[in-house]
Structure formats: structure tokens, C-alpha cells
Number of protein chains: 2
Amino acid sequence: MSNETKTFDQKDEPFTVAGLRIDVLDEAFSWYIRSIDAVVSRDLDQRTAHLDVAKGKGKITTILLVDGNPGIRPSQIAEVLLRDRPATGRIIDHLVKAGDIRREADADDQRAQALYITEKGSALAQEVREIIRAQENDFFDFIPSEDREEFMRVLKRAYINMRNKLE
Amino acid sequence: MSNETKTFDQKDEPFTVAGLRIDVLDEAFSWYIRSIDAVVSRDLDQRTAHLDVAKGKGKITTILLVDGNPGIRPSQIAEVLLRDRPATGRIIDHLVKAGDIRREADADDQRAQALYITEKGSALAQEVREIIRAQENDFFDFIPSEDREEFMRVLKRAYINMRNKLE
DNA sequence: TTAAATGGTTGTGAAAAACAATCTTTTTGT
DNA sequence: ACAAAAAGATTGTTTTTCACAACCATTTAA
């Protein structure tokens with residue numbers, strides 16, 4: 001088992017993963033981001049396995065959005081999820097069938113729907129919040145608090161910057 | 001509802017995405033990471049659409065690993081990819097069929113394979129390197145260089161920390 | 001010298017992602 | 001005012017992806 005764990009890059013030796021040289025990926029933000037996301041997502045699936053939002057890429061965001069923004073439309077959710085409307089519609093279907101949210105016709109626009117949380121969904125949202133906080137702790141608690149603030153700041157800016165480019 | 005990990009949000013107005021409140025996700029590293037990854041991955045698919053590594057989640061890493069680590073085994077690649085062996089084997093199949101890498105029997109262990117890059121694969125690896133560098137620039141160039149180093153440092157530590165937990 | 005472990009492949013079924021087409025309602029242009 | 005365009009949402013389809021289980025071959029250990 002090549003179980004050497006480098007704590008940090010030394011000057012002379014290149015950074016390795018499982019003893020292997022990873023080439024340009026070593027200095028690619030995107031590669032670390034992708035790897036972290038893969039593991040965190042899998043972990044989240046396990047933590048939510050017993051809930052209606054399990055196995056989802058957008059269900060958690062959806063339930064929190066509906067809870068925090070009563071009357072929100074599916075198309076607005078799609079915009080946050082960065083997914084298309086069919087995909088978003090299916091996520092909503094799932095949550096409606098599970099009884100966590102309900103659809104109503106938007107008062108101002110007959111084409112659109114207005115989504116609302118149910119009692120059951122509200123309880124679910126609360127559970128989800130706690131799971132996310134717990135996961136954040138488990139994965140990122142090692143970051144010293146002064147680094148953490150800076151890390152979040154840059155991450156947020158990367159996110160905002162990226163969204164701006166999408167338009 | 002403690003808010004002690006509140007980062008840099010200004011006092012009265014909460015952070016919103018497309019005008020919507022995103023609840024706890026606002027302070028979740030994982031959420032920004034996931035969102036950024038989604039967009040960056042899609043972008044990468046477009047940039048590599050004309051190459052053998054297109055539409056892949058692990059092909060790029062694989063070709064770079066083989067190029068930088070001649071004789072590498074599939075199981076070692078799987079460990080870096082954080083995927084299981086069947087998935088890794090199929091990625092290798094794809095690249096072998098495309099003529100970018102080749103399999104040989106490992107000299108020391110007849111069960112194992114030793115993978116090597118081909119001429120074609122070497123050229124591909126070079127193209128991939130440039131694409132990744134270009135993408136990094138496009139997405140993360142806005143980060144001031146002093147912040148960038150710190151950002152990478154924390155990101156890398158998160159990655160290493162996460163891998164250590166997997167064992 | 002069996003039994004267990006390791007390296008790899010094949011098969012399968014369930015989700016997920018991306019697209020196109022359709023339908024209804026609103027908005028826009030003339 | 002009316003036809004055309006745009007916006008909101010759904011249905012359908014096709015292609016990948018993902019995770020498991022089962023399997024074979026070789027090596028290592030008991």
C-alpha cells in the first residue's frame with residue numbers, strides 16, 4: 001500500500017497522489033475541485049440515504065430554495081441549479097410526489113407555477129440543514145478559522161465570476 | 001441557529017443567487033465547489049469535444065498519468081480517480097482502442113498490466129495540457145496572485161485531508 | 001498445497017444529462 | 001387588435017455514467 005501522505009509540497013519533490021505524478025493537474029484548481037466534489041457528493045448521498053432528497057444532485061437545493069422562497073417558480077430553481085427545465089421539473093415531481101412541496105398556479109402568470117413547502121417538507125429541510133452543517137464540519141473543520149474566511153471569500157468570488165460569464 | 005461561521009456577508013442583506021436566498025448553502029463550501037465543478041466540467045467537455053478524451057470524467061487524468069508514469073497499472077489509476085476498477089478499465093479500453101495508450105503485461109506480475117503512452121497519446125497529452133492551462137486561466141485568472149497561492153494551499157490541504165479519511 | 005488476496009474483465013440495472021418536440025400562456029411588434 | 005415571438009413547463013428519447021455483482025487468472029499466505 002503506497003500510503004505516503006505528503007502534507008505539503010516540498011521544493012524539490014513534485015506533488016504526488018498515491019505516489020504518482022499528476023502532471024499539470026497538480027496546479028489545476030479545477031482538478032482539486034472536481035475530486036473534492038466527487039467525494040463530498042458521495043458522502044452526502046450516504047448521509048441522506050434515508051430521506052426523500054437522497055441520491056440527488058438538485059433535490060437538496062430545491063427543498064431549501066422552496067422553503068426559503070415561498071412561491072418560487074421552477075424556472076427560477078433551474079437557474080440556481082444550473083440545469084435545464086426538464087431536469088428541474090423532474091426533481092420537483094419527485095418532491096411533490098413525496099409530499100414535501102406542492103404546486104400552485106402563479107397568481108400573476110397562468111403559465112407559471114408557484115411552489116410551496118409542506119409541513120413534511122419543512123421538517124425535511126430542517127434535517128437537511130443539519131446534515132449539511134455536519135458535513136461541512138467533517139470535511140472542512142481542519143481549516144484554521146482565519147484561512148477559512150479567506151477561502152470562502154475566494155470560492156464565492158469564483159462562483160460569482162463564473163455565473164456572470166454564463167449570461 | 002448560530003451563525004458563528006458567517007464569513008464576509010455584509011450585515012443586513014443576505015447573499016442571494018439570482019435574487020433567491022439559498023439558506024445554509026450560502027455558507028457551505030461544498031455547495032460552491034459543486035456548482036463550480038458543474039460548470040467547469042461542462043466547459044471542459046466543450047473544449048475537448050474534438051479529442052479522444054472528450055465527454056470523460058477520468059480520461060484526461062488517465063492519459064496524463066500514463067504519460068507521466070510509464071508502466072503504471074490500471075489499479076493505480078483507479079486509486080487516483082477515486083473510482084472502482086471496472087470504471088477505470090473501461091476508460092483504459094477507450095484510450096487503447098483510440099490508439100493513445102497500450103497495454104503490456106507487467107514483468108513482475110502476470111496478473112497486472114503495464115500501461116504506456118503511444119506517439120499519438122503523447123501528442124494528445126500535450127494538447128490536453130494546453131487546454132487545461134487555458135481553462136484555468138479563463139476561470140481563475142481573476143484571483144489576485146497573492147490570494148491564488150493561499151487558495152491553492154487550502155484547496156490542496158482539503159484534498160489531502162479528504163483522501164486520508166478514505167482509508 | 002489449499003485458501004485467501006490481488007489484478008482485471010464482463011454483465012447488468014438504475015440514474016443522470018442533454019436534446020428535441022410539444023403545449024399553453026404572455027408579451028411584443030406592426 | 002392580431003399574428004408572431006418568447007417564456008414556462010412537460011413529455012419523450014437517447015446516450016452516458018455509476019455502482020454492484022460475478023467471474024477468471026495469478027500471486028501470496030497459511
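Each chain gets a letter, A, B and so on, in the order the sequences are listed, and its residues count up from 1.
Distance, B:Asp37 CG to C:dA17 P: 11 Å, rounded to whole Å. Taking atom NZ of A:Lys57 as the reference point, atom C1' of C:dA14 lies 15 Å away to the nearest angstrom. The CZ atom of A:Arg85 sits 13 Å away from the C1' atom of C:dT24 (whole-angstrom rounding). Across the protein-nucleic acid pair, A:Asp84 atom CG and C:dA21 atom P stand 15 Å apart, rounded to whole Å. Atom pair A:Arg90:CZ and C:dC19:P shows a separation of 14 Å (rounding to whole Å applied).
Side chain of B:Arg21 to main chain of A:Gly68: no donor-acceptor pair is present (N/O by atom type, distance under 3.5 Å, no hydrogens or angles).
Within 4.0 Å (heavy atoms only), B:Ala112 reaches sugar-phosphate atoms of the nucleic acid but no base atom. Among the atoms of the strands shown, only primed sugar atoms or phosphate atoms (P, OP1, OP2) are found under 4.0 Å from some heavy atom of A:Arg83.
Stacking of B:Lys156 on the aromatic ring of A:Phe15 is recorded, both the 6.0 Å distance cut-off and the 45° axial limit being met.
At a threshold of 4.5 Å between side-chain heavy atoms, the hydrophobic network of Ile, Leu, Val, Met, Phe, Trp and Tyr places B:Leu20 and A:Leu115 in one connected group.
For residues 68-80 of chain A, proximity to DNA chain D is found at A:Arg73, A:Pro74, A:Ser75, defined as any non-hydrogen atom under 4.0 angstrom from a strand atom. A heavy atom lying under 4.0 Å from DNA chain D marks the following residues of residues 92-110 of chain B, by number: B:Asp109, B:Gln110.
On the nucleic acid side, DNA chain D contacts chain A at distances under 4.0 Å to non-hydrogen atoms, with the end points of that region at D:dA6 to D:dA19.
Summarising the local packing, NZ of A:Lys55 is surrounded by 12 or fewer heavy atoms from other residues, nucleotides or ligands at distances under 6.0 Å. Atom CD of A:Glu119 sits in a sparse spot, with 12 or fewer heavy atoms from other residues, nucleotides or ligands closer than 6.0 Å. Within a 6.0 Å sphere centred on CD of B:Glu149, other residues, nucleotides and ligands contribute 12 heavy atoms or fewer.
Put simply, NE2 on A:His50 and CD on A:Glu127 are 5.0 Å apart, with the number rounded to the nearest 0.5 Å. How far CD of B:Glu150 is from CZ of A:Phe151: 9.5 Å, rounded to the nearest 0.5 Å. Here the straight-line distance linking atom CD1 of A:Ile101 with atom CG of A:Asp67 works out to 11.0 Å at 0.5 Å rounding. Interatomic distance, B:Gln126 CD to B:Leu64 CG, rounded to the nearest 0.5 Å: 9.5 Å.
Each of B:Arg111 and A:Ala114 was matched to the nucleotide of DNA chain D holding its nearest heavy atom; the match closer to the 5' end belongs to A:Ala114.
Ring orientation note: the planes of B:Tyr159 and A:Tyr32 are nearly perpendicular, at an angle over 60° on the 30°/60° scale.
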